[in-house]
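One structure is given here, and the rest of the page talks about it.
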Amino acid sequence: MAAETKTTCPYCGVGCGVIATVSDRGTVSVKGDPEHPANFGRLCSKGSALAETIDLDGRVLFPEIAGRRADWNDALDLVARTLSQAIAEYGPDSVAFYVSGQLLTEDYYVANKLMKGFIGSGNIDTNSRLCMSSSVAGHRRAFGSDTVPGTYEDLELADLVILTGSNLAWCHPVIYQRIASAKAARPSMKIVVIDPRRTMTCDIADLHLAIRPDGDVALFMGLLAHLSSGPAVDHDYITAHTQGFSEALAAASTLSLAELVERTGLPAPQLHQFFRLFETTENTVTCYSQGVNQSASGTDKVNAIINCHLVTGRIGRPGMGPFSLTGQPNAMGGREVGGLANMLAAHMALESAEDRLRVQRFWASPTIAAKPGLKAVDMFRAVADGRIKALWVMATNPVVSMPDADAVEAAIKACPFLVVSDILRDTDTARHAHVLLPSLGWGEKDGTVTNSERRISRQRGFLAAPPEARADWWQMAETARRMGFAGFDYRSPADIFAEHAALSAFENHGSRDFDIGAHASIGPAQYDALTPFQWPAPAGGRAANRFFGNGGFYHPDRKGRFIAVQAGATDRTSQQYPLTLNTGRIRDHWHTMTRTGKSARLSGHIAEPFAEIHPQDAVELGIRDACLVELESAHGKVVVRALVTRRQARGNVFVPMHWNDQFAAQARIDALVPPLTDPVSGQPASKNVAVRARRARSALYGFAVSVAKPVPNDAVYWALAKADGGWRVELAFDEAREDWSNWCRAAFGIPAGVEPLGYMDRHSGDVRLAYFQDGKLLAALLLSREPVAAARNWLIAQLTADHSDLRKRFAIVAGRPGADQPDPGSTVCSCFSVGVNGIVAAVRSGCHSVEAVGRETNAGTNCGSCRAEIRGIIDGCLAQAAE
């Protein structure tokens, strides 16, 4: 009988509940948990494809020392001995942990305890520094604590939802669908999207403000100044519950309307429209994410937003408040246990001697970090200059995700001792490890995660782990014991969670926001059965699920703080680097693709790295759609595919962050990003990077499909993606070859004796070669002097088709199906693998709404992330028919 396990998705901060089912045959399927209050059964395309990412291909299966197999005792003895030696010779600050929002809270807790309470250094930081630390800093400045005041329900209750710096439709799709459903049920609900790009989120927007990069501070300063003289000001709330209003207003009032127009790039009528909408709508929620946080002024952006909610008293009540949407599945859990270098566990302050002594007493630890440790960018600088002698990286890939990524890789390569705990062996970071430790993956590990609305949910194991893989918390606890430290004798994650809950309640009495003391005595059985709950959950009573509606902030005087902010620089371009690069996520991939890259379905929508460029910029630069473009900053360069689109603003370029050296030749976009950080939060600025662009010259472009994983050899450009039955690869070469057949044999592993079908035209430059064996397609290569026009999805499908009929093989050489074979076109709906041609056919048959197309094709009926694209296709078809 099939076994069902309730667990939580390991991707974004929405924290969706998942039901994983293992059949009698051992196959796994996933579906949304209809009882989980974050998603009520919905899943996005990534969550729906989780079962496609849990194979053992590429896994670290045993500990390795210097690339050779080792046992756990030898590996951990070496780690413990090396850390202890570094501490004895150079002091505790000579070692560092760089951890991840992919860790479970229990893993995070043990790492923070070991570093801050026993090693005695603050040198533990996390990749959450790259996405949410400006929110943390803004919350702490305004609220006295890192508190998210509201809940997801507020997004549905609001009459106005402002989405700033958030492509919600692609980055938090389930939340987007909850808002879209609320708006469909209540059309009077208004949506404002603030983003330099016209993203798919704008599909539900009543107003899109195409703001200049980093113009957000000025925009919300202008809003505060506007509100201050109108009827929306809540004077009673300001007087009773806040401080600093006059100073914040004085700073906001320094900007004239002309300066607002200049700094935001928005016309005055749009500014007035937005200000008036906020002023007249009581139930307003402002959601913000990476577009706000990943900035040199990110903390000021957060506080500029919060100021507008404090002045109106629109906080902590149903349907209103500022709302930080976290990027990772457990960024919040990491913040709760002090995973950031400048925080203590249980939301206590590292700068507070009283809090430090309290945590040390609770842990009975020999020491406690006396000062904040190095934040991520500074940590890798310290690795580079030799201050850090030993670095332990857990569940993250900083060689791809850190700014100035090439310099980070150089630092890691030069580090005297690098430990990497991961599930995959060949990540860009793991390849440099002196000690590589096999961790548990999703579906194998047990613990908790906390989502954006403070909801703690269980991740549960339902798969048999590789025999030598171990939980991250176990690896650190074992290392601690080998270093001679007591207090790490955990038998299970339930023990750690109970200790974490007890610390949250220790000497608390309502003085701290984070309190889950109700679970301090939890045992293994109760932990296994734990259902999702929101904090606070103090012992002896149920706390309210919203904060600050009636004040009660966590500054010593219990008052919130208005923060006077300044509108800093917006334009970072120069004559040498005249374009502004913005980096971010796409719909179907996650972080550095170590998981989602395993799924053919998730690569169906977008299979290679690209740069969105405005048509006029493209013309001026000599860049045509689908050609290759080289982007360069003062720190590095990449080569990606050009996507010419009016969704992008003039002078701006967007490139996704996901591609790494395993999937593309030269596309680690963070190699271009400077190590510029917010002065308060230490968060890097990834949304406003000065670059230049030019067409990358290529003699030949190529596209290929192959059963075997391609080895692109001397291609100057390549981008690999999994496909059903094999692989797809985009290619470019700087010169033609005389013998492409031998190149194919080496690149695609063609067996001896298998001869190609096809041709090579030296006059046109076209090459078409296909290899068959026993009625199966082994590989096909198409080359042209221009970007290859081919029915890519149809060609991919031929890898699993029968080709016994010799006559039909010539269609593959042509790159297009015959009249009797449908071409699905490029993928629009990843959940059901529906291509653009299928949607066009449905429209032409009379399906003139997204719902009708869904009934006909299933497209858009699962996660809904593709609904905006479907609507665009419908509009395009109908407009063409009307001509």
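As the structure is a prediction and not an experimental result, all values here were calculated from the model. Values reported hereafter were calculated over all heavy atoms of this structure, with side chains retained and with hydrogens, waters and symmetry mates removed.
Both tests do not hold together for Lys559 against Phe553: distance to the six-membered ring centre under 6.0 Å, angle to the ring axis within 45°. Both tests pass for Arg458 against the ring of Tyr527: distance under 6.0 Å to the centre and angle within 45° of the axis. In this structure, Lys301 fails the cation-pi test against Phe220, since its NZ or CZ atom is not both closer than 6.0 Å to the six-membered ring centre and inside 45 degrees of the ring normal. For the pair Arg558 and Tyr554, the cation sits on the ring face: its NZ or CZ lies under 6.0 Å from the ring centre, inside 45° of the axis.
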So Arg335 and Asp146, salt bridge (Lys or Arg N to Asp or Glu O under 4.0 Å) or not? Walk me through it. CA-CA 8 Å; Arg335 286 148 62 173; Asp146 177 23; 2.8 Å; yes
Give the C-alpha distance, both sets of side-chain angles, the deciding distance and a yes or no for salt bridge (Lys or Arg N to Asp or Glu O under 4.0 Å) between Glu478 and Arg470. CA-CA 11 Å; Glu478 283 292 315; Arg470 297 290 183 270; over 6 Å; no
Trace of the salt bridge (Lys or Arg N to Asp or Glu O under 4.0 Å) decision for Arg356 with Glu351: CA-CA 8 Å; Arg356 292 198 303 271; Glu351 64 270 20; over 6 Å; no
Trace of the side-chain hydrogen bond (donor to acceptor under 3.5 Å, both in side chains) decision for Thr427 with Thr429: CA-CA 5 Å; Thr427 72; Thr429 302; 4.8 Å; no
Side chain to side chain contact (heavy atoms under 4.5 Å, CB included) between Leu581 and Leu672: does it pass, once the steps are laid out? CA-CA 9 Å; Leu581 169 68; Leu672 276 63; 4.1 Å; yes
Step-by-step side chain to side chain contact (heavy atoms under 4.5 Å, CB included) determination, Ile669 to His658: CA-CA 8 Å; Ile669 193 60; His658 308 290; over 6 Å; no
Between Ile388 and Val95, is the side chain to side chain contact (heavy atoms under 4.5 Å, CB included) condition met? List the steps. CA-CA 5 Å; Ile388 289 176; Val95 300; 5.9 Å; no
Asp355 and Arg512: CA distance, side-chain angles, deciding distance, salt bridge (Lys or Arg N to Asp or Glu O under 4.0 Å) verdict: CA-CA 11 Å; Asp355 282 352; Arg512 303 191 301 273; 5.4 Å; no
Between Tyr490 and Tyr109, is a side chain to side chain contact (heavy atoms under 4.5 Å, CB included) present by the stated rule, with each step listed? CA-CA 12 Å; Tyr490 304 114; Tyr109 181 88; 3.9 Å; yes
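Taking the six-membered ring for Trp and the full ring otherwise, the centers of His347 and Trp535 sit less than 6.0 Å from each other. Ring centers of Trp392 and Tyr98: at least 6.0 Å apart, outside the cut-off. Checked against the 6.0 Å centroid criterion, the rings of Tyr11 and His172 do not qualify as a close aromatic pair.
Side-chain atoms of Ser439 and Gln475 form a donor-acceptor pair, as typed in the model, at a separation below 3.5 Å. For Thr151 and Asn545, the side-chain atoms include no donor-acceptor pair closer than 3.5 Å. When only modelled atom types and interatomic distance are considered, His432 and Glu409 share a side-chain donor-acceptor pair under 3.5 Å. Between Gln102 and Gln328, the side chains place a donor N or O and an acceptor N or O closer than 3.5 Å (distance only, hydrogens not considered). Between Thr164 and Asp216, the side chains place a donor N or O and an acceptor N or O closer than 3.5 Å (distance only, hydrogens not considered). At a cut-off of 3.5 Å, with distance as the only test, a side-chain donor of Glu336 or Thr450 sits close to an acceptor on the other residue. With hydrogens and angles left out, the side-chain atoms of Thr396 and Ser100 include no donor and acceptor closer than 3.5 Å.
Closest non-hydrogen pair, Leu344 versus Lys116, comes out as CD2-CD, 4.2 Å.
A donor-acceptor pair is defined here as one N or O able to donate and one able to accept, closer than 3.5 Å; no such pair exists between the side chain of Thr592 and the backbone of Asn397. A donor-acceptor contact shorter than 3.5 Å links the side chain of Asp125 to the backbone of Ala341. Judged by distance alone, the side chain of Gln683 and the main-chain N or O of Ser133 form a donor-acceptor pair under 3.5 Å.
Note on ring orientation: taking the six-membered ring where Trp is involved, the planes of Phe143 and Phe548 are tilted (angle from 30° to 60°). Taking the six-membered ring where tryptophan is involved, the planes of Phe118 and Trp363 are tilted, since the angle between them lies from 30° to 60°.
Rounding to the nearest 0.5 Å gives a distance of 8.5 Å between CG of Asp513 and CG of Asn508. To the nearest 0.5 Å, atom CG of residue Leu440 and atom CH2 of residue Trp474 are 10.5 Å apart. In this structure, OG on Ser686 lies 9.5 Å from CG on Leu676, to the nearest 0.5 angstrom. Rounding to the nearest 0.5 Å gives a distance of 7.0 Å between CE of Met132 and OH of Tyr288. Distance SG/Cys308 to CG/Asn303: 11.0 Å, rounded to 0.5 Å. Separating the CG atom in Asn293 from the CG atom in Leu130 is a distance of 11.0 Å, to the nearest 0.5 Å.
The residue from Arg387, Arg381, Lys389 that alone fulfils the salt bridge (charged side-chain N to carboxylate O under 4.0 Å, His left out) condition with Asp385 is Arg387.
Applying the salt bridge (charged side-chain N to carboxylate O under 4.0 Å, His left out) criterion to Lys413, with sequence neighbours excluded, gives no partner residue.
With a 4.5 Å cut-off on side-chain heavy atoms, Gln534 and Ile456 do not count as touching. Residues His509 and Ser511 fail the side-chain proximity criterion, which asks for heavy atoms closer than 4.5 Å. Side-chain contact between Phe380 and Met402: present, with at least one pair of heavy atoms (C-beta onward) separated by less than 4.5 Å. A 4.5 Å side-chain heavy-atom check between Ile87 and Ile119 finds at least one atom pair inside the cut-off.
Electrostatic pairing of Arg141 and Asp300 counts as a salt bridge here, judged by a charged N lying under 4.0 Å from a carboxylate O.
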